[in-house]
Amino acid sequence: MERQEVNEFFSTELLAWYRQIKRDLPWRMNRDPYRVWVSEIMLQQTRVDTVIPYYNTFMNKFPTVKALAEAPETEVLKCWEGLGYYSRARNLQAGAREVTERYDGIVPDDKASVAGLKGVGPYTTGAIMSIAFNRPEPAVDGNVMRVLSRYFCLEDDIAKPSTRVSIEKLAASLIPEGAAGDFNQALMELGALVCTPKSPGCLPSCPVMEHCTARLEGKEHELPVKTKAKPPRPEFRAAAIVAGSGEHAGKVLVRQRPATGLLAQMWELPHLLLPKDKAGWLAEHAPKEQGELAAMIGQMLEEDTGLLIRPRSWFTDADHIFSHIHWKMRFYLADLGEASGMLEEVASAAEYAGIAAEAASEYNVTDKLASHYRWIGLEDMETLPFPNLFLRILKQYWE
DNA sequence: AAAACGGGGGT
DNA sequence: ACCCCAGTTTT
């Protein structure tokens, strides 16, 4: 069989297969470009099963571009809580605002305009253009790179950006006339359901195994080639659950993270990065033996918040692993010392000195950050967005 | 080109 | 324990 025929076999059989077995997913209800857009952003580095409940909630709360554009950012982040990569949510809303302002609320049927939206890269551009508008653009994600690497026995490292570019050209050449949306989804559906990373289900499931080069050469388990990621670096952090008193009785102190960087704009319990030389203590000593460390943490948190914070006892330890950082955290229960200042004083001090704090990337500049602190009760957790790590700890605290 | 950027599920 | 997921942005 000629190469051309093998390619046509692939496209034809895959498309037919998809139209038979495609899953009934919420974003396949219709081709509303906004619905496609939201789904594609949520699906970035996130499994279908994880996305489904978030997608339904999100579309219910923000049914249109306009509804999303007009919503408070905190509400959008709250809907994204636990889904990860929170800049996706903020970029999506920025995109909705751009579509509202520049395109009258209509997602444009134009590649360059779509590609210009925040959070929309090469993959998502192709996905929106093909699925919503049936334009013949490739949409190459991890699934597609795996499927095509195997079918065509491509040995290029799929971790390299240049590999994605070359696979995009190949994928574009395979799109059947007038069926871009279905074909691109077929490619991904095959990768998700059959041509899986660990144990590809060639037989009896794969509609194109007959001419799959990797399988014919017995290399379906070796492909695709991908360099493995660096392990996350460890960071030791100490946190405090500060119980309020007086008018703040029953509440705890939380703060909002900066507008950029890790977990941007999310809320958290106050904590700090231990210097490398101190970090060893946390690793090597039982929590009970660490009165000295606790005292140090109280002092550092005092400097951070402007409050007189007194750690009283160890609460729990928790590990939280991001892609690139491994947080090893120790939580202390704390309360406020006798001469504690009011939060209002702290806030005004922050306002007073806020001008100089622009460059601070961590929470080591007292003046600017204090205004980001807030006392909250259990009921406030339903409005403020927290990363799962802190959500778990706070629920445990209020149990 | 490499690192930053979450969190969870599969094996 | 390790892999990877319907990736994008920043450095």
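Lettering follows sequence order; numbering is per chain, from 1.
- A donor-acceptor pair under 3.5 Å is formed between the side chain of A/Q93 and the backbone N or O of A/A71.
- One hydrophobic cluster, built from ILVMFWY side chains closer than 4.5 Å, cannot hold both A/Y85 and A/F386; they sit in different ones.
- A search for side-chain hydrogen bond (donor to acceptor under 3.5 Å, both in side chains) contacts involving A/R23 returns A/E189, not counting sequence neighbours.
- Distance check on atom C1': C/dC4 versus B/dC5 gives 15 Å, rounded to whole Å.
- Judged purely by distance below 3.5 Å, without hydrogens or angles, the side chains of A/H372 and A/R255 never pair a donor atom with an acceptor atom.
- Secondary-structure stems of DNA chain B, taken as three or more successive Watson-Crick or G-U wobble pairs (i with j, i+1 with j-1) under a 3.5 Å distance threshold, comprise B:1-5 with C:7-11, B:7-11 with C:1-5.
- A/W27 has its ring centre less than 6.0 Å from the ring centre of A/Y55.
- Among the protein residues, A/F322 comes within range of the sugar-phosphate backbone only, with heavy atoms under 4.0 Å from sugar or phosphate atoms but none that close to a base.
- Side-chain atoms of A/R102 and A/S113 include no donor-acceptor pair closer than 3.5 Å.
- Atom-to-atom, NZ of A/K228 to P of C/dC4 comes out at 11 Å; the value is rounded to the nearest Å.
- Side-chain contact, A/R146 with A/N143: a donor N or O sits under 3.5 Å from an acceptor N or O.
- Contact check, A/H324 against B/dC5: a side-chain N or O comes under 4.0 Å of OP1 or OP2.
- Nucleotides B/dG6 and C/dT10 have their P atoms positioned 13 Å apart, rounded to a whole Å.
- Comparing B/dG6, B/dA3, C/dA6 against the side chain of A/V48 picks out C/dA6 as the nearest.
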Evaluate the criterion side-chain contact (heavy atoms from CB on, under 4.5 Å) for residue pair A/N7 and A/F152; output intermediate values, then yes/no.
-> CA-CA 9 Å; A/N7 289 12; A/F152 294 100; 3.2 Å; yes
List every contact pair, protein side and nucleotides 8-11 of chain C side both N or O, where the distance is under 3.5 Å.
{"unit_1": "C/dT8", "atom_1": "OP1", "unit_2": "A/G121", "atom_2": "N", "d": "2.8"}
{"unit_1": "C/dT8", "atom_1": "OP1", "unit_2": "A/G121", "atom_2": "O", "d": "3.3"}
{"unit_1": "C/dT8", "atom_1": "OP1", "unit_2": "A/T124", "atom_2": "N", "d": "3.0"}
{"unit_1": "C/dT8", "atom_1": "OP1", "unit_2": "A/T124", "atom_2": "OG1", "d": "2.8"}
{"unit_1": "C/dT8", "atom_1": "OP2", "unit_2": "A/Y123", "atom_2": "N", "d": "3.3"}
{"unit_1": "C/dT9", "atom_1": "OP1", "unit_2": "A/G119", "atom_2": "N", "d": "2.6"}

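- The residue A/G191 sits apart from the nucleic acid: no heavy atom pair falls under 4.0 Å.
- A/F322 and A/P232 get closest at one heavy-atom pair: O-CB, 4.0 Å.
- Side-chain contact of A/Q185 with A/R28: a donor-acceptor pair under 3.5 Å is present, judged by distance alone.
- Atom P of nucleotide B/dC5 and atom CE of A/M266 are separated by 14 Å, given to the nearest angstrom.
- Side chain to side chain, A/Q44 and A/T124 meet the donor-acceptor criterion of an N or O pair below 3.5 Å.
- For the pair A/M42 CE and C/dG7 P, the interatomic distance rounds to 15 Å; values are reported in whole Å.
- At whole-Å resolution of the value, OH in A/Y86 and C1' in C/dG7 are 17 Å apart.
- Applying the 4.0 Å criterion to OP1 and OP2 of C/dC5, one finds that A/R146 has a side-chain N or O inside that range.
- When rounded to the nearest whole Å, the span between CG of A/L190 and C1' of C/dA6 equals 14 Å.
- Using a 4.0 Å heavy-atom cutoff across all strands shown, A/P387 reaches sugar-phosphate atoms only and no base atom.
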Run the numbers on A/R257 and A/E268 for salt bridge (Lys or Arg N to Asp or Glu O under 4.0 Å), then give the verdict.
-> CA-CA 7 Å; A/R257 294 179 59 86; A/E268 66 179 4; 2.7 Å; yes
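- In summary, the aromatic rings of A/W80 and A/Y54 are positioned with their centroids too far apart to meet the 6.0 Å limit.
- If you take CZ of A/F386 and P of B/dG6, they are 16 Å apart, rounded to a whole angstrom.
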Taking it one step at a time, do A/W314 and A/Y332 satisfy ring pair (Phe, Tyr, Trp, His ring centres under 6.0 Å)?
-> CA-CA 5 Å; A/W314 172 78; A/Y332 291 91; 8.3 Å; no
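- Distance check on atom C1': B/dG9 versus C/dT8 gives 23 Å, rounded to whole Å.
- Nearest-nucleotide mapping onto DNA chain B: of A/T260 and A/S162, the residue sitting toward the 5' end is A/S162.
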Just the atom pairs and distances: protein N or O near nucleotides 8-11 of chain B's N or O, under 3.5 Å.
{"unit_1": "B/dG8", "atom_1": "OP1", "unit_2": "A/N388", "atom_2": "ND2", "d": "2.0"}
{"unit_1": "B/dG8", "atom_1": "N2", "unit_2": "A/R47", "atom_2": "NH1", "d": "2.6"}

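- A straight line from NZ of A/K226 to P of C/dC2 spans 16 Å, rounded to a whole angstrom.
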Side-chain donor-acceptor contacts of residues 211-225 of chain A below 3.5 Å, not counting sequence neighbours, with atom names and distances?
{"unit_1": "A/T213", "atom_1": "OG1", "unit_2": "A/Y151", "atom_2": "O", "d": "2.6"}
{"unit_1": "A/R215", "atom_1": "NE", "unit_2": "A/M209", "atom_2": "O", "d": "3.1"}
{"unit_1": "A/R215", "atom_1": "NH2", "unit_2": "A/M209", "atom_2": "O", "d": "3.4"}
{"unit_1": "A/K219", "atom_1": "NZ", "unit_2": "A/E155", "atom_2": "OE2", "d": "2.8"}

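- Between A/R90 and the phosphate of B/dC5, there is no side-chain N or O to OP1/OP2 separation shorter than 4.0 Å.
- If you take OH of A/Y85 and P of B/dG6, they are 7 Å apart, rounded to a whole angstrom.
- For the segment residues 17-41 of chain A, the set of residues with a heavy atom within less than 4.0 Å of an atom of DNA chain B is empty.
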